[in-house]
Amino acid sequence: MRNRIFTAGAGAAAIAAAIALAGPAQAAEGDAQLSVLHGVPGLTVDVWVNGDRTLDDFTPGSLAGPLALPAGAYELAITASDAADASAAVIGPVSVTLAANGNYTAVANLDAAGNPTANLFTNDVSQIEAGKGKLTVRHTAAAPAVDVLAGGSPVITNLANPNEQTLTLDPGTVPAAVAATGTTAPVIGPADVTIAEGTHTIVYAWGSLADANLQLAVQTIEGLHSAPGSVPGALDGSTVAAPADSTALMVGFGAAALALLLGGVGVARTVAARRAE
């Protein structure tokens with residue numbers, strides 16, 4: 001299977017190369033895979049792993065990796081750009097434990113109240129049943145909770161920072177919209193989105209609703225097919241979809257993902273974020 005990372009922002013390609021070079025030339029058997037997302041607006045940072053600078057001048061919106069690391073415990077710290085060492089971290093240090101063959105994304109982001117924090121997500125790389133795809137929605141923005149609607153009915157409810165929800169879906173296209181939690185009146189959408197068979201697409205909302213700089217990042221994990229490798233899926237009209245083309249971030253899906261995650265205008269309820277263990 002292949003874990004493909006899409007990056008956004010200036011210098012993202014160089015950052016991805018830098019994190020790759022920080023690890024072994026080839027992943028060893030049992031290594032964990034760690035990707036890093038910078039989701040704090042307006043702050044260029046350095047990322048440190050066990051006291052070593054791993055990413056230099058990491059810009060907001062960049063999603064880099066994966067870095068192959070032996071299973072075990074690691075300390076992650078985020079400092080201002082070009083800091084002499086990791087002693088004056090602006091986020092962390094955060095202790096994380098990576099399991100053998102695990103797949104993770106560490107996210108530096110804002111909590112629901114707008115404070116810098118960090119979260120470690122475990123990415124599901126299990127096989128997807130034939131004829132299906134997966135969409136995971138991760139709320140890592142300073143924004144209220146929302147419900148995600150498909151065909152006018154809620155399929156994800158009360159999604160708050162830093163929570164996630166995963167849907168297993170039939171390939172196809174379905175109208176999706178966002179409503180304030182507990183309501184069905186769309187505040188954005190509906191917008192059509194599509195999904196691909198055998199692909200797990202992970203969408204992150206980051207930024208701040210109050211500062212009007214909400215954005216998204218997309219991570220796509222391919223090659224999760226079960227036999228047979230391709231089965232036409234009938235759209236049942238009850239699910240939210242992810243991109244059919246996993247080799248690029250489609251403009252249409254970008255708009256729909258923003259509708260899914262960033263449209264909770266007027267929702268008063270905020271939820272404090274949990275930090276990565």
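Keep in mind that what you see is a predicted model, and the values were worked out from it rather than measured.
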(request) Measure the spacing between CD1 of I128 and OG of S226 and express it to the nearest 0.5 Å. (result) 8.0 Å
(message) Restricting to non-hydrogen atoms, name the atom on A217 and the atom on L37 that form the minimum distance, rounded to 0.1 Å.
(response) CB-CD1, 3.7 Å
(request) Check salt bridge (charged side-chain N to carboxylate O under 4.0 Å, His left out) between D211 and all other residues, then give those that pass, not counting sequence neighbours. (result) none
(message) Strictly by salt bridge (charged side-chain N to carboxylate O under 4.0 Å, His left out), give each pair with a member in residues 112-128 just once, sequence neighbours left out.
(response) D124-K134
(request) Could you tell me which non-hydrogen atom of N161 sits nearest to which non-hydrogen atom of L110, and how far apart they are? (result) ND2-O, 2.8 Å
(message) Quick check: do V47 and D56 have side-chain heavy atoms less than 4.5 Å from each other?
(response) no
(message) Using the side-chain contact (heavy atoms from CB on, under 4.5 Å) criterion, which residues pair with S87? Sequence neighbours excluded.
(response) D85
(message) Quick one, I221 and T199 - any side-chain contact, counting heavy atoms below 4.5 Å?
(response) no
(request) Decide side-chain hydrogen bond (donor to acceptor under 3.5 Å, both in side chains) for T117 and N109; before the verdict, give the C-alpha distance in whole Å, the side-chain angles of both, and the deciding distance to 0.1 Å. (result) CA-CA 6 Å; T117 188; N109 62 283; 5.7 Å; no
(message) Are L135 and T166 packed together at the side-chain level, in the sense that at least one heavy-atom pair is separated by less than 4.5 angstrom?
(response) no
(message) How close do G207 and P41 get, counting heavy atoms only, and between which atoms?
(response) CA-CG, 3.6 Å
(request) Taking all heavy atoms of W206 and all of V40, pick out the closest pair and write down the distance. (result) CE3-N, 4.3 Å
Per-pair distances, 0.1 Å, donor-acceptor, side chain in residues 63-80, under 3.5 Å, sequence neighbours excluded:
unit_1, atom_1, unit_2, atom_2, d
Y74, OH, P70, O, 2.6
T79, OG1, W48, NE1, 2.9

(message) What I'd like to find out is whether the side chain of T201 reaches to under 4.5 Å of the side chain of T136, using heavy atoms alone.
(response) no
(message) Given 3.5 Å as the limit, does a donor-acceptor pair link the side chain of T54 with the main chain of D52, or not?
(response) yes
(message) Taking the side chain as everything from C-beta on, heavy atoms only, tell me whether T168 gets closer than 4.5 Å to E129.
(response) yes
(request) Using a 4.5 Å cut-off on heavy atoms from C-beta on, say whether the side chain of R53 contacts that of L55. (result) no
(message) Would you say that H225 contacts Q127 through its side chain, given a criterion of any heavy-atom pair below 4.5 Å between the two side chains?
(response) no
(request) Output all residues satisfying side-chain contact (heavy atoms from CB on, under 4.5 Å) with S81, sequence neighbours left out; order by chain, then residue number. (result) T44, D46, D57
(request) Verify whether one side chain among N101 and D31 offers a donor that lies under 3.5 Å from an acceptor in the other. (result) no
(request) Please examine the side chains of V45 and P60, heavy atoms only from C-beta on, and report whether any two atoms are closer than 4.5 Å. (result) no
(request) Could you grab the distance from atom CG of D111 to atom NE2 of H139, nearest 0.5 Å is fine? (result) 11.0 Å
(message) When you compare the side chains of Y104 and Q33, does any donor N or O come within less than 3.5 Å of an acceptor on the partner?
(response) no
(message) Checking T122 now: which residues fulfil side chain to side chain donor-acceptor pair (under 3.5 Å) with it, not counting sequence neighbours?
(response) none
